[in-house]
Amino acid sequence: MATMVDYYKYATLSTAAYVRMANEPLSGQRFAEVAASETQARLPLKLGEKLFIGGAENLDAWTILNYYRNDRTGDAIASADKSGLGAILFTRGSGENAETVLAITGTESTNFKEITSDLVSSDLGQIGLLGIALTQAIAAVNLIERMRAISSADVQQIRFQTSLTRPATGEYLNNIWGQVFHYHIVPNCSAS
């Protein structure tokens, strides 16, 4: 059963997931500095250092295993993602004491690109119509599959496409999966 300490840990990592690293190095020191910067102000510097800078005095520091957001141009898949998904995979410890947390961000409309992809498309369009942010769910499943795979392996990916053609029967809601929304398995997507 989760304790208050667990809830605090998850809340802190959820807040940290909103830190925009773009093409910055994913070191603990740099992450703490960016998180505390005036432009982001996500975590106080001392808290960021305690959470993410390891050493002899701090054996419990978190490491960033994966940063996924479309501002990271060095990652061809993430930079091309138009779903608005943002996530960071954190880990700490080793062996039986290892702990891994995938923190996924919610909507944050700070610029026009996010307003159109995240708020309008995912929140209003998909959640409002379908009850789920389908493109973000697919992007999250694809991300998890790439993270689970061996770095040199090819990973099948799901792709979401929409069609504006009217189903032959005219019954939109009954045919939404069979006629309007299509998914494809995209083979040979490298896990790295």
Side-chain angles (χ1 to χ4, degrees), residues 2 5-45 47-53 61-92 99-149 155 157-160 189 191-192:
V5 172
D6 292 327
Y7 291 132
Y8 175 75
K9 169 181 56 185
Y10 297 137
T12 305
L13 294 175
S14 292
T15 300
Y18 285 92
V19 175
R20 300 291 188 131
M21 291 303 286
N23 294 313
E24 295 278 350
L26 297 178
S27 69
Q29 178 67 46
R30 188 64 190 139
F31 191 83
E33 292 167 356
V34 172
S37 68
E38 279 187 39
T39 57
Q40 298 207 29
R42 293 289 177 189
L43 297 170
L45 183 59
L47 179 58
E49 289 173 345
K50 180 174 177 11
L51 289 170
F52 300 107
I53 300 175
W62 292 92
T63 303
I64 300 161
L65 287 182
N66 192 298
Y67 173 89
Y68 185 86
R69 196 178 280 278
N70 63 8
D71 63 353
R72 194 154 188 91
T73 58
D75 181 341
I77 295 172
S79 64
D81 187 342
K82 294 180 178 22
S83 73
L85 177 71
I88 299 180
L89 182 65
F90 299 102
T91 189
R92 71 176 175 185
E99 187 174 11
T100 304
V101 174
L102 177 62
I104 298 175
T105 63
T107 298
E108 191 179 41
S109 55
T110 59
N111 64 44
F112 184 74
K113 186 176 181 181
E114 288 176 3
I115 291 171
T116 56
S117 69
D118 213 8
L119 182 64
V120 175
S121 175
S122 294
D123 293 353
L124 299 176
Q126 294 174 30
I127 294 174
L129 179 64
L130 302 172
I132 183 174
L134 191 56
T135 56
Q136 289 183 353
I138 290 171
V141 168
N142 287 339
L143 172 63
I144 291 166
E145 288 302 312
R146 286 192 307 275
M147 288 189 297
R148 290 180 58 208
V155 181
Q157 300 285 274
I158 300 170
R159 184 176 8 159
F160 176 75
C189 177
S192 59

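For the atom pair CD1 (Ile158) and CD (Glu145), the distance works out to 8.0 Å, reported to the nearest 0.5 Å. Distance CG/Asn66 to CZ/Arg72: 9.0 Å, rounded to 0.5 Å. Rounding to the nearest 0.5 Å gives a distance of 13.0 Å between CG of Leu65 and CZ of Arg92. To the nearest 0.5 Å, atom CD1 of residue Ile64 and atom OG of residue Ser27 are 8.0 Å apart. Between atom CG of residue Leu89 and atom OG1 of residue Thr63 there is a gap of 10.5 Å, rounded to the nearest 0.5 Å.
Of all the heavy atoms in Pro25 and Met21, the pair that sits closest is O-CE, 3.2 Å. Closest non-hydrogen pair, Phe90 versus Leu13, comes out as CE1-O, 3.7 Å. Ala36 and Pro44 get closest at one heavy-atom pair: CB-C, 4.2 Å. Leu45 approaches Ala32 most closely through the heavy-atom pair CD1-O, 3.7 Å. Shortest non-hydrogen contact noted between Leu143 and Ala87 is CD2-CB, 4.0 Å.
Each of Tyr67, Phe52, Trp62 was evaluated against Phe31; a single residue qualifies, Phe52, per the ring pair (Phe, Tyr, Trp, His ring centres under 6.0 Å) test. Screening Asp75, Asn142, Asp81, Thr105 for a side-chain hydrogen bond (donor to acceptor under 3.5 Å, both in side chains) involving Tyr68 leaves a single residue, Asp81.
When the shell of 6.0 Å around NZ of Lys50 is examined, it contains 12 or fewer heavy atoms from other residues, nucleotides or ligands.
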Test side-chain contact (heavy atoms from CB on, under 4.5 Å) applied to Glu33 and Glu24, step by step: CA-CA 11 Å; Glu33 292 167 356; Glu24 295 278 350; over 6 Å; no

Verdict with supporting geometry, Met147 and Ile144, side-chain contact (heavy atoms from CB on, under 4.5 Å): CA-CA 5 Å; Met147 288 189 297; Ile144 291 166; 4.3 Å; yes

Derivation and outcome, side-chain contact (heavy atoms from CB on, under 4.5 Å), residues Leu26 and Arg30: CA-CA 7 Å; Leu26 297 178; Arg30 188 64 190 139; over 6 Å; no

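Side-chain N or O atoms of Gln136 include one that pairs as donor or acceptor with a backbone N or O of Ser83 at under 3.5 Å.
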